Each structure stands twice: as C-alpha cells, then as structure tokens.
Amino acid sequence: MFESLSDRLGKIFDGLRGRGALSEADVGEALREVRRALLEADVSLEVVRAFVEQVRERAIGAEVTRSVTPGQQVVKIVHDELVRVLGEAAVAIDLNAAPPVTIMMVGLQGSGKTTTTAKIAKRLSEKQGKKVLMASLDTRRPAAMDQLRILGEQISVATLPIVAGETPVEIARRAAREGRLGGFDVLILDTAGRTHIDEELMAETAEIKQLADPHEVLLVVDALTGQDAVNLARSFDTRVDITGIVMTRVDGDGRGGAALSMRAATGKPIKLIGVGERMDALEDFHPSRIADRILGM
Amino acid sequence: FTKKRLDEAMLEELEDVLIQADFGVETATSVTDALRRDRFDRDVTTAEVRAVLAGEVARVLAPVARPLDIDPAHKPFVILMVGVNGSGKTTTIGKLAQKLSAEGKSVMLAAGDTFRAAAIEQLQVWGRRTGAPVVAKPTGADASGLAFEAVTRARAEGSDVLIIDTAGRLQNRDELMSELEKIVRVIKKVDPTAPHATLLTLDATTGQNALSQVEIFGRRAGVSGLVMTKLDGTARGGILVSIARKHGLPVHFIGVGEGVDDLEPFKADDFARAIAGRAE
Ligand SMILES: Nc1nc2c(ncn2[C@@H]2O[C@H](COP(=O)(O)OP(=O)(O)OP(=O)(O)O)[C@@H](O)[C@H]2O)c(=O)[nH]1
Ligand SMILES: Nc1nc2c(ncn2[C@@H]2O[C@H](COP(=O)(O)OP(=O)(O)OP(=O)(O)O)[C@@H](O)[C@H]2O)c(=O)[nH]1
Ligand SMILES: [K+]
Ligand SMILES: [Mg+2]
Ligand SMILES: [Mg+2]
C-alpha cells in the first residue's frame, strides 16, 4: 500500500544525475517525502519534525559519489540517523543487583504485559539458569491472575499463589517476601493495564514501584501504536521512570514507527521485541531491522 | 473574538492536528483541502474553524455511524467477534451481552478463543456478570467445533442472540486467517444465513495498521461492522475517518472503559467535535 522511501526519492532525484554535494534545494524536496514516509509509518509528528531537521543538517553538503544516486544517498543518511536515534546496540535486561532482582511490567490495556512477563521468565530461567518467580498484581481484569498462573505452568516457572481480596500493593509486598524467603533470583511483577490519563491507576503504579523498588521497569507497548506513542511513553516515564521498552506484535505488518517515537520521547532503550504469541517468541531488539521496516525496505 | 485569516499556515496547523489524531497524511490533506476550497482567505474565529473542521469530519463519518440491528427473524442472531490480539474482543462481548440483556433479549456466549491462556475463564467471568450462559470446551479444543456446538445449542435453547468470541490474530498470519474462514464455514453448516453480524474490534491506540486490519479481516471473515475500543485514553481514533472513506463499513459502538457499561453508540458529531476541539 505504501511506496517505499527509496522509490519516492528515486523519482525526485530522477532528473538530478550530477555528482558532487547535495544542495539545499535538492534536500528540501527530498525531506518532504521523508516526512511523509515517517508519518505513514506512525512516527509521532513531533518526533518527525525533530528528526527531519537532524537529517537536513546531515544531508546538505553530503557528497554523492559515483557509486550511489542522490536518492540512495539520502536514504542512507535517513537510515543511519534512524539507527542512531533507535540506539546503536542491543541493551539487555540488567540483573546486576541483589536478589531477588525485581522487574516490573507496565503499560496500556492489552499491550502484552502478561504474555511478555512469561516470555521473559522463560528466557531467564532456561537460558540463564535463574530461579524466577512471577506475580500478577492485576486484580481488575477478569481471569488475569489465572492467565499468568497457566502460563507459569506451561513454562515451569513459579507464580505467587493467588489470594483473593488483596490489593495490588499488598500482593507486591507478599511477592517481595516470597521472593526473598523462597531464594528466587528474579521476581517479575505483572501489573494491570491502565491508560496513562487514569490518575488513580497511575498513582497506584507509582505506589507499587516505590514499595517494590524494581531494578527494571519495562514499558510494554504495541508495535502497531499510532501517534499517541509519544504521549503514553512520556507519561509512564515521568510517573515511574521506566528503564526500558518492550515492543510487542512485531510479527504484525505494522511499520513500527512507534519505536522511534518512544525512544526519542524518553531516551530509554528498546530492550526486547515480541514476535508472536508463543512463549519463545521474544527477541533482542535490532535497530537496523526496525529502521528498514519504518522505511519500507 | 479575534479573527484570523484562514491561510496556508493555518491550514497546515490544522493538518497537523488531524495527523496527530491518526488520520494519516492522505486523509488529513483531503479534509484540509475541503476547508481550503470553502473558506480560503476568509477571516475566521477559532470557534468557526473548529466548527467547520468538525463539520467536515462529521460529513465523512455520518454515513457509517449506524446502530447494530438485531433482526429478530434470526433465532439465534449470531454475532462473531474478530480482531487482532488484545484489541478488546472479549471485553466488548461482555459489554454487548449486558446491553442486549437489558433490552430483554436472551444472550448466549461462546468461548471460541480456545488458544490463549485463561481466555475461557475470562469470558466465563463476563457470563456470570451479565447472566449469560457460556458454551465452552477445554483450551486446545478446535475453535470451529466449539462454534458449531454453540450455534446448535443456542438454537435448541431458543436464545435470541449468540455472541462467539475468537482468539486474537494478526491479519498477516495466513494460517490463522484460514482458521477464521473455517469457523465461518462451520457456522454456516448449522445456519446458512449466519453469522448475521461479524464485528471487528479496533483499538483506538492503533495507527495506520488499522486500515490493513479492516481490509484483510473484511476479505477473509466478511466483517459487517466495527467497534472502536479504548477511546477513553488520549488516542483520538482518527483512523476511522480513513476507514470510512475507503471502506464505508458501519461503526456501531465505541468502548470507553473496562466496565460492563462502558460501551456507547458511535456518534459522528461527538467524535468529530472531540477531534476538532484540539484545533487552536
Ligand atoms: N501476535 C502477537 N501477539 C501477542 C504478542 N504479545 C502478546 N500478544 C497477544 O496479545 C494479547 C494480549 O496480551 P496480554 O499479555 O494479555 O496483554 P496485557 O498487556 O497483559 O493485557 P491487560 O492485562 O489486559 O492489560 C494476547 O492475545 C497475547 O497472546 C506478540 O508479540 N505478538
Ligand atoms: N480502557 C479501556 N480498556 C479496554 C477497553 N476495551 C477493552 N479494554 C481492556 O483491554 C484489555 C484487552 O481486552 P480483551 O477484551 O481481553 O481483548 P481481546 O481482543 O479479547 O484480547 P485477546 O483475546 O487476547 O486477543 C483488557 O485489559 C480490557 O479490560 C476500553 O474500551 N477501554
Ligand atoms: K493494542
Ligand atoms: Mg495482563
Ligand atoms: Mg479475548
């Protein structure tokens, strides 16, 4: 449905066969197409504006060599800049703290927190030999706790026994105690989904965070997210100071521009991506691949 | 009121407002083009700009704002709920069961998500909340078999409405879309006229991918109407305007929260005003 940026820029620069440096005029027209391509990939407008200015500075005066066309040259500059903003290297979950190392999962409703909690637990227990405890603090969504318990059974990872009637803060306290007494290396807290403008629930998140003192606070976001990505990432970051982002549904055919928006809005690394519903569908984040996808390459 | 000239700079600002509401570049441009045609170079107040913008958006949406008609000639009237993962299918079923029961209809639910952990338990909680019986099989059972059984049972028990839940699936997963086609085929074995409504839930937070969801679920599952969920967040759901222009599918409801009563009819004017309210 969408034309790739390379094709568009190819057309713009069709007439321009000359060598040498890119002029301000050449770059200006190309950047309008870059803007459009980024918006179609769901990069938030505010991030698009800043990004386009960065590209402009890099592109004007850039040398076009014999081996590339001006279009290819601009695409390369855009691509490199995307990778730079997305973060050059993969950043792993940090477990460098006294056990039980607590990881807290936060995010909007249905973004994939519970599934990702179990995927991370499986990875840490199977690949890194960690003894992991998962606890659901979701007292709101019907059968949310059962969901985590069943996933725990599937992947042979312990879950905190369900006790009816406790508040999320009480569960967090019990989980911390169980994590210590049970000799667990890692404790993962799955929380209920919430919209970032729900003041009461955002206050609850902050309270849980203060009590649990997590070493990692991971914001779980849908790769299909649209323009609201900056707002939601910034709100969660302001409120609970996230340490990283997990993008889910990267197995979809969305363009994933939200990755750029959220990284730019918070400066926090995208640590992992979800690429399916199954428990092993979790991968490290590769900025270059997401950059390709955003550009439709 | 201070009047300002509706010039190119102002049109560009309006276009940005629409882009930030997930209209997409093409649809945002087409809306501002309409304003340029009608009002260019006139002096306008902020209130006027908002009104004209809202009017333009509402004009596109009005034809798709249509209620879900439950034809009593079909007994049961079968509703199939489809959509990508986490978009709000199961919750919307709960809300819909509540609404239809309140209208005096007998509602039965079918736990057709036999894949995701605790999906069945989740629907059963909604069944208890709304007093609707739930047809279920253990996790891992064949979803189309469950659908067959549910339609048969709803017919035998004389239910007015049967709402069938399905597992979330991304529209680019061909084998999962084939499974959905199979569910529809099997339902038709019991009642060739069913499903009488196939509703696609769209998460308001979703960006341009929602267009492809409508297109592919429409083609593979025969979507008859849309429900936009999670409009209680800050996302504006402007993609609905693009969808209305390209597909013209009815939008029946919006979800505005997680509670049983948080389902409202889709109103083109309200929706348009909420978006235009952001224009300076
Ligand atoms: N295709 C795909 N589906 C995913 C991925 N991650 C999660 N899901 C699915 O998305 C849906 C929602 O996932 P959950 O883990 O329940 O989301 P959540 O954030 O815990 O939801 P709430 O607790 O209701 O806020 C489920 O159907 C998951 O199977 C992913 O990476 N790819
Ligand atoms: N704020 C808000 N949350 C909603 C709305 N509709 C659904 N949700 C929440 O979104 C999450 C996912 O909803 P589900 O109904 O489980 O979604 P689903 O499409 O059935 O998910 P899968 O079966 O896993 O694909 C839950 O936490 C719901 O409470 C809504 O209108 N507003
Ligand atoms: K979502
Ligand atoms: Mg959850
Ligand atoms: Mg469901």
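Because the structure is a prediction, the values reported are computed rather than measured. Lettering follows sequence order; numbering is per chain, from 1.
Here A/D42 is the residue among A/N231, A/D42, A/I150 with the most heavy-atom pairs under 4.5 Å with chain B. Per-residue heavy-atom pair counts under 4.5 Å with chain A were compared for B/Q124, B/Q122, B/Q213, B/R169, and the maximum is reached by B/Q122.
Environment of CD in B/E175: crowded, with over 12 heavy atoms of neighbouring residues, nucleotides or ligands closer than 6.0 Å. More than 12 heavy atoms of other shown residues, nucleotides or ligands fall within 6.0 angstrom of atom CZ in B/R129.
Electrostatic pairing of A/E46 and A/R234 counts as a salt bridge here, judged by a charged N lying under 4.0 Å from a carboxylate O. In this structure, A/R49 does not pair ionically with A/E53, as no charged nitrogen and carboxylate oxygen lie closer than 4.0 Å. In this structure, A/D237 pairs ionically with A/K268, as a charged nitrogen and a carboxylate oxygen lie closer than 4.0 Å. Salt bridge annotation for A/R35-A/E33: absent, with no cationic side-chain nitrogen under 4.0 angstrom from a carboxylate oxygen. By the 4.0 Å N-to-carboxylate-O rule, A/E199 lies close enough to A/R239 to be salt-bridged with it. Salt-bridge annotation for A/D138 and A/R141: absent, with no side-chain N of the basic residue lying under 4.0 Å from a carboxylate O of the acidic one. A salt bridge links B/R36 with B/E8; the closest basic N to acidic carboxylate O contact falls under 4.0 Å. Salt bridge annotation for B/K230-B/D203: present, with a cationic side-chain nitrogen under 4.0 angstrom from a carboxylate oxygen.
Proximity to chain A is limited to the side chain of B/Q171, based on heavy atoms less than 4.5 angstrom apart. With a threshold of 4.5 angstrom between heavy atoms, A/D198 does not approach chain B through any atom at all. Heavy atoms of B/E121 lying under 4.5 Å from chain A belong to its backbone as well as its side chain. Contact annotation for A/I197: only side-chain heavy atoms (C-beta onward) come within less than 4.5 Å of a heavy atom of chain B. When heavy atoms are compared at a cutoff of 4.5 Å, A/L108 approaches chain B solely by way of its side chain, counted from C-beta outward.
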Verdict with reasoning, B/D174 to B/R220, per salt bridge (Lys or Arg N to Asp or Glu O under 4.0 Å): CA-CA 10 Å; B/D174 188 56; B/R220 305 288 295 265; 2.9 Å; yes
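Of all residues spanning residues 231-243 of chain B, those with a heavy atom less than 4.5 Å away from chain A's heavy atoms are B/D232, B/G233, B/T234, B/A235, arranged by number. Contacts from residues 132-142 of chain B to chain A, taken as heavy-atom pairs separated by less than 4.5 Å, involve no residues at all.
Remark: the B/E258 side chain and the A/Q109 side chain contain an N/O donor-acceptor pair separated by less than 3.5 Å.
Put simply, the side chain of A/T225 gets close to the backbone of A/D222: a donor and an acceptor are under 3.5 Å apart.
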